[in-house]
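This report concerns only the one structure given below.
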Amino acid sequence: VDGLGELEEEAEEEGNETGEMEEKGSRQTRRRGLAPILGRGDISETLAGFLHVRSNELSLDLKKQGLGCEQLRQLLCVELLQMIQRRLRSLKPHADFHYFSVDMSDNELGPEGAAVLVAFFRRLHDDCTPRVGVKALRLYRNKLGDGGARHLVELILCQARPLTELHLSHNGITGLGAAMLVMAFGASKHKGYPFRLFNRTTHFGACWVRLERNDVEHPDALLAAIKARGGVRLVQTTWTQREWGPGRAPEWSTSPENAPQVILPVFTTQAKMQKGCSKGTKGWSKRDREDPTSRAIVEQAASTVADLAAAESSQPTGVEFGDGRNSRSSRRPSGSLQTGEAADKEAKPRGKGQLTWQVKTSNATWKPSVPESPLKNQQTEEPGQQEP
């Protein structure tokens with residue numbers, strides 16, 4: 001089983017390199033990389049070689065291009081923004097919202113590069129008509145750390161349509177960064193999680209978030225603390241579980257009240273595991289799974305998510321994300337999502353390269369209306385989610 005899991009992980013995280021490039025010159029550009037040719041004048045033709053259309057969907061593929069933060073600044077120019085917009089309009093001229101996917105894995109972006117990338121995504125989303133959002137984002141092996149995770153929280157909070165995949169393994173993210181990312185899906189401004197599956201609109205799915213092989217020291221205890229605090233619904237899957245995945249959901253997931261908002265595949269497989277142990281939960285002792293510091297980490301993460309949401313909102317909500325008023329102990333109708341009042345946008349001056357986004361905190365609580373839902377005991381650890 002472990003060997004099969006390794007093969008599946010490599011197949012997914014390394015990406016599918018099959019499929020032809022749109023232009024002949026793009027193969028040559030890929031071989032020599034972008035970093036050596038940035039800053040040499042017009043790079044429009046070069047950039048065009050990295051925009052691909054497969055199954056009528058646009059993707060920007062900049063994997064393994066030796067990109068650091070400064071190279072990324074040069075790359076994410078107005079020309080690229082306009083090029084993306086033109087391609088999307090030509091693919092779906094009557095759409096009221098455009099999606100595209102991005103693969104910038106295996107570069108050297110770091111936290112600053114993540115900030116630059118999110119600012120570019122926001123410009124596409126805020127300034128383009130119709131809006132442009134990110135569907136699948138691959139940023140594994142980019143040394144993002146908790147700083148980069150914090151910037152990605154802003155993207156989750158702000159995007160009008162859901163992010164369906166987020167690949168962030170091998171980035172040195174600790175428990176704090178992982179908790180911030182997970183809890184952000186419960187505080188999304190547009191309440192886009194869970195969402196209807198694109199290929200199966202009768203069912204609801206969650207964002208597929210890969211956070212394995214980071215620096216989360218006590219992953220089991222962290223997940224237990226997040227579930228106990230409330231504010232977000234999550235499911236952890238193992239190597240052998242197949243009911244959840246990108247574009248997949250089980251038969252019972254036919255209503256948003258009963259579906260999770262985040263799927264965490266093999267989250268307990270972290271970089272800092274006990275020696276002599278294989279993957280997953282078996283690599284952690286009982287003490288690790290009951291680590292008392294995880295609760296404090298989750299409280300700090302929840303506070304940071306609430307601050308990020310409130311900072312971009314025209315009016316503070318006055319309710320901290322995931323606090324007691326949002327827990328399942330509050331007396332609210334079963335099977336309902338309770339949200340805060342809508343906040344009006346505040347007009348602010350915006351300088352060059354700066355984007356102002358207005359986000360309100362989602363004061364959401366969840367109680368299962370279907371007793372048979374596998375998520376009904378979310379406050380406690382799920383006994384069936386252990387690694388094989």
Side-chain angles (χ1 to χ4, degrees), residues 12-35 37-38 42-92 95 97-109 113-128 130-142 144 148 151-152 155-156 159 161-168 198 208 210 246 355:
E12 181 169 351
E13 284 291 57
E14 292 301 328
N16 183 3
E17 293 296 338
T18 61
E20 293 190 15
M21 301 292 185
E22 285 187 294
E23 301 177 9
K24 183 178 179 180
S26 62
R27 295 192 183 93
Q28 299 174 350
T29 305
R30 177 171 296 283
R31 283 197 293 269
R32 64 176 179 264
L34 270 175
I37 60 176
L38 287 173
D42 186 13
I43 61 170
S44 299
E45 184 178 348
T46 300
L47 294 175
F50 289 89
L51 285 171
H52 315 303
V53 177
R54 296 188 182 99
S55 301
N56 208 35
E57 291 192 357
L58 183 68
S59 63
L60 175 63
D61 188 356
L62 290 167
K63 179 181 177 181
K64 292 184 179 180
Q65 295 301 319
L67 296 174
C69 180
E70 291 307 315
Q71 289 88 1
L72 189 65
R73 289 183 196 275
Q74 299 177 52
L75 180 67
L76 302 181
C77 55
V78 175
E79 288 80 1
L80 178 60
L81 185 147
Q82 294 173 344
M83 198 178 302
I84 292 172
Q85 195 174 14
R86 287 196 301 269
R87 291 284 189 93
L88 290 170
R89 284 177 176 172
S90 66
L91 287 172
K92 299 178 181 180
F97 187 92
H98 287 306
Y99 262 132
F100 81 122
S101 296
V102 178
D103 187 351
M104 288 194 180
S105 56
D106 232 335
N107 283 294
E108 302 285 336
L109 301 186
V116 172
L117 185 61
V118 170
F120 181 75
F121 290 156
R122 284 183 160 190
R123 189 170 181 183
L124 278 167
H125 184 281
D126 203 37
D127 294 351
C128 293
R131 289 182 173 183
V132 178
V134 183
K135 185 176 181 181
L137 178 59
R138 288 174 169 80
L139 292 175
Y140 56 89
R141 293 192 179 95
N142 262 296
L144 299 181
H151 293 301
L152 292 172
L155 177 65
I156 297 168
Q159 187 163 290
R161 300 288 175 88
L163 180 68
T164 63
E165 296 180 46
L166 183 59
H167 298 246
L168 296 174
F198 296 95
W208 178 259
R210 299 202 63 159
L355 298 170

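The figures here come from the full heavy-atom set of this structure, side chains too, leaving out hydrogens, waters and symmetry mates.
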Do you know the tightest heavy-atom contact between [X] and [Y]?
X      : Y      : result
Gln85  : Cys128 : NE2-CB, 3.6 Å
Val118 : His151 : CG2-O, 3.6 Å
Leu144 : Ala114 : CD2-CB, 4.1 Å
Phe97  : Pro130 : N-CB, 4.1 Å
Leu109 : Cys69  : O-CB, 4.1 Å
Arg87  : Ala48  : NH2-O, 3.7 Å

Test side chain to side chain donor-acceptor pair (under 3.5 Å) applied to Glu108 - qualifying residues, sequence neighbours left out: Lys143
Partners meeting side chain to side chain donor-acceptor pair (under 3.5 Å) with Arg73 (sequence neighbours left out): Glu70
Whether [X] side chain and [Y] backbone form a donor-acceptor pair below 3.5 Å:
X      : Y      : answer
Thr164 : Lys135 : yes
Gln159 : Val134 : yes
Asn107 : Gly66  : yes

Lys/Arg N to Asp/Glu carboxylate O, Glu165 vs Arg138, below 4.0 Å: yes
Check whether any side-chain heavy atom of [X] sits under 4.5 Å from a side-chain heavy atom of [Y], and report yes or no.
X      : Y      : value
Leu91  : Glu57  : no
Gln65  : Gln71  : no
Asp127 : Leu81  : no
Ser105 : Arg141 : no

Reported [atom1]-to-[atom2] distance for the pair [X] and [Y], which is rounded to 0.5 angstrom:
X      : Y      : atom1 : atom2 : value
His98  : Ile84  : NE2   : CD1   : 12.0 Å
Arg54  : Asp61  : CZ    : CG    : 7.0 Å
Leu80  : Leu62  : CG    : CG    : 8.0 Å
Asp126 : Phe121 : CG    : CZ    : 15.0 Å
Leu124 : Leu76  : CG    : CG    : 9.0 Å
Leu47  : Gln82  : CG    : CD    : 12.0 Å

